[in-house]
Amino acid sequence: MKRYKHFLPIEKMGLFFSIACAIHCMTLPIFLFFAPYIASSFAFTSTFEWILVSTSFLLALILLFRDYKRHRKLLPLIYLALAVSVKVIEVSLGKNSYEWAFGFLLGIFISVAYWVNYQHKVACTCKIKRQA
């Protein structure tokens, strides 16, 4: 965890939501297969899914765009755009048994966007003070 000490608290929260989204999408089929009664819980409703995805996208957009304005590195925003594209494709295909794969890809793309952004921040030689 020392590797992420330069992250702002809101960046840590954004990364957490991205990873939580990926884990949620990966475990949903397992829980649905082994314990169908869990499917009716709040954690596996479409409302919860949209809250997770919307929060993740919003935080990522705010944080990555702010850092883009500072460092002019476009790659993190490209990964975010890929994540949004994955979600658009998933929604356009409707409910299918393979939607967990889209959720997993979505979480991976947002997490990679944060990681690439972090690499840019660490390598930055600009005079702008880092926030603790």
Is there a side-chain contact (heavy atoms from CB on, under 4.5 Å) between L64 and Y79 once you walk through the steps?
CA-CA 10 Å; L64 296 176; Y79 280 114; over 6 Å; no
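- I108 and V91 end up in different hydrophobic clusters when Ile, Leu, Val, Met, Phe, Trp and Tyr side chains are linked at under 4.5 Å.
- One hydrophobic cluster holds both F65 and I110 under the rule that ILVMFWY side chains link at heavy-atom gaps under 4.5 Å.
- Within the 4.5 Å cutoff, the side chain of L106 has no heavy atoms near those of the F102 side chain.
- For K73, there are no side-chain hydrogen bond (donor to acceptor under 3.5 Å, both in side chains) partners, not counting sequence neighbours.
- Between A83 and F109, the closest heavy-atom pair is CB-CB, 3.8 Å.
- V112 and L74 fall within the same hydrophobic cluster, defined by Ile, Leu, Val, Met, Phe, Trp and Tyr side-chain heavy atoms under 4.5 Å apart, directly or through other members.
- L93 and V53 fall within the same hydrophobic cluster, defined by Ile, Leu, Val, Met, Phe, Trp and Tyr side-chain heavy atoms under 4.5 Å apart, directly or through other members.
- If you take CG on L82 and CD1 on I89, they are separated by 9.5 Å, rounding to the nearest 0.5 Å.
- Expressed to the nearest 0.5 Å, how far CG of N117 lies from CG of L75 amounts to 9.5 Å.
- Here the shortest heavy-atom pairing between A113 and P76 reads CB-O, 3.4 Å.
- Side-chain contact check for I19 versus Y114: every heavy-atom pair is 4.5 Å or farther apart.
- Contact annotation: the side chain of H120 never approaches that of D67 to less than 4.5 Å [non-hydrogen atoms, C-beta and beyond].
- Remark: R72 qualifies as a cation-pi partner of Y68 under the 6.0 Å distance and 45° angle criteria applied to the six-membered ring.
- Residue pairs meeting the side-chain hydrogen bond (donor to acceptor under 3.5 Å, both in side chains) criterion with at least one partner in residues 51-60, sequence neighbours excluded, are S18-S56.
- Connection of V116 to I62 is not established within any shared hydrophobic cluster, with ILVMFWY side chains joined at heavy-atom distances below 4.5 Å, either directly or through further cluster members.
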